[in-house]
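See structure below.
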2 protein chains.
Amino acid sequence: MGHGHGGQDAAPLAERLRARGLRLTAQRQRVLAAVTALEHATPEAIGARLREEAGPGGAAPDTSTVYRNLELLERLGLVWHTHLGKGAPVYHAAEHPHLHVVCQSCGEIASAAPDLLDSAAERLAADLGFTVDVGHVALSGTCRACRERAGSEPSS
Amino acid sequence: MGHGHGGQDAAPLAERLRARGLRLTAQRQRVLAAVTALEHATPEAIGARLREEAGPGGAAPDTSTVYRNLELLERLGLVWHTHLGKGAPVYHAAEHPHLHVVCQSCGEIASAAPDLLDSAAERLAADLGFTVDVGHVALSGTCRACRERAGSEPSS
DNA sequence: GTTAATGCAAACTCTTTGCACATCC
DNA sequence: GGATGTGCAAAGAGTTTGCATTAAC
């Protein structure tokens, strides 16, 4: 851990694109901005946000462009995605690796410190030679509110 | 733990169906058998297996029936599903809860003991009141073979 | 005989792809 | 100007649903 980077680098997007001979477009900047602004956003939610920002009459990036750029931004190391179960994956800015915890009942997403899985990761590495990718991990279960709600309701 | 069941209980499917006024059909028995036989099978794979078993000219359960019965069997507590990332979920017989570990590169699925996450589960319960559902958890990462393969190849 | 379950076909969601046109460098 | 990126539309997985027919009890 610890590369000691404080906030965000100046313009990592432009830099990384140049380094690969790729182009900086308005769409790419907007998709990255939307991912950063919306935590845990699905591609659909990101698209909706962009349409909102564009306003009526304004042109928002096409859905296919959103998908293509999310994939690109992930390759560039600027965003990260996690599958929380069925349905769409969620994206977040790649600054701090963290772990996702999702409630099966209400869908609420909480974040946890990555070191939560350190001991499990060590055991897996030792036993299976398997390296856990903390950023992609989602733990599922039941949050306190849903647990209490379920307890107080009839079972049928 | 410890109901001391060596193999499988006699006919838990028939029992549980009766208890709910539901019917025992050939399709339900076959879907359950396929899930038990195939570890980590997707609905599609289960359907394919059933078509194979039926042979040419034989009638296999329809895809929609497979889906409906997987859902039912899960409600009955006989099968369990896990999302391993993008794509279809995988089903397994619900006998032993275990944890899934999936390699992002080759897609290989390994199983791990459920107590692997005990300490993490305790911390989550204490800090967030969140109860982890071990059976639904899939950890993603890289298996030893893929890790070594990646190390020996050019980065681009 | 009555209700539940199946099969079939169509709809639906989420995602990817092909290709002409527009854009960035 | 030349290659990359975008929008559009269509195709593609995976899953769900409505409804007539079939099968369980």
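Proteins come first, then strands; the chains are lettered A, B, ... in the order of their sequence lines, and each starts at number 1.
An OP1 or OP2 oxygen of dG7(D) is reached within less than 4.0 angstrom by a side-chain nitrogen or oxygen of T65(A).
Nearest nucleotide to the T63(B) side chain, out of dT6(D), dT15(D), dT6(C): dT15(D). Here the nucleotide nearest the side chain of N69(B), chosen from dG7(D), dT6(C), dG7(C), is dT6(C). Distance from the side chain of R18(B) is smallest to dC25(D) among dG14(D), dC14(C), dC25(D). Counting only heavy atoms from C-beta on, R68(B) has its side chain closest to dT6(C) among dA24(D), dG5(D), dT6(C).
Shown here is Q29(B), whose CD atom has more than 12 heavy atoms of other residues, nucleotides or ligands within 6.0 Å.
Scanning atom types as modelled, one donor and one acceptor separated by under 3.5 angstrom connect the side chain of S64(A) and the base of dC8(D). Interface remark: the R23(A) side chain does form a donor-acceptor pair with the dA3(D) base, using a distance-only criterion of under 3.5 Å.
Remark: P of dG5(D) and CD of Q27(A) are 11 Å apart, rounded to the nearest angstrom. Here the P atom of nucleotide dA13(D) and the OH atom of Y67(A) are 16 Å apart, to the nearest Å. One can place CG of L72(A) at 7 Å from P of dG5(D), the figure rounded to the nearest angstrom. At whole-Å resolution of the value, CD in E71(A) and P in dT6(D) are 13 Å apart. dA3(D) atom P lies 21 Å from atom CZ of R20(A), rounded to whole Å. If you measure from atom CZ of R28(A) to atom C1' of dC25(C), you get 13 Å, rounded to the nearest angstrom. What separates CG of D62(B) from C1' of dG18(D) is a distance of 14 Å, to the nearest Å. Atom CD of E44(B) is separated from atom P of dG12(D) by 15 Å (rounded to the nearest Å).
Shortest non-hydrogen contact noted between L84(B) and V102(B) is O-CG1, 3.6 Å. A pairwise comparison of heavy atoms in A34(B) and L50(B) identifies CB-CD2, 4.0 Å as the closest pair.
Remark: the H100(A) side chain and the H40(A) side chain contain an N/O donor-acceptor pair separated by less than 3.5 Å.
Comparing P43(B) and L22(B) against DNA chain D, the residue whose closest nucleotide sits nearer the 5' end is P43(B).
Under a 4.0 Å N-O distance rule, the pair D62(A)/R68(A) does not qualify as a salt bridge.
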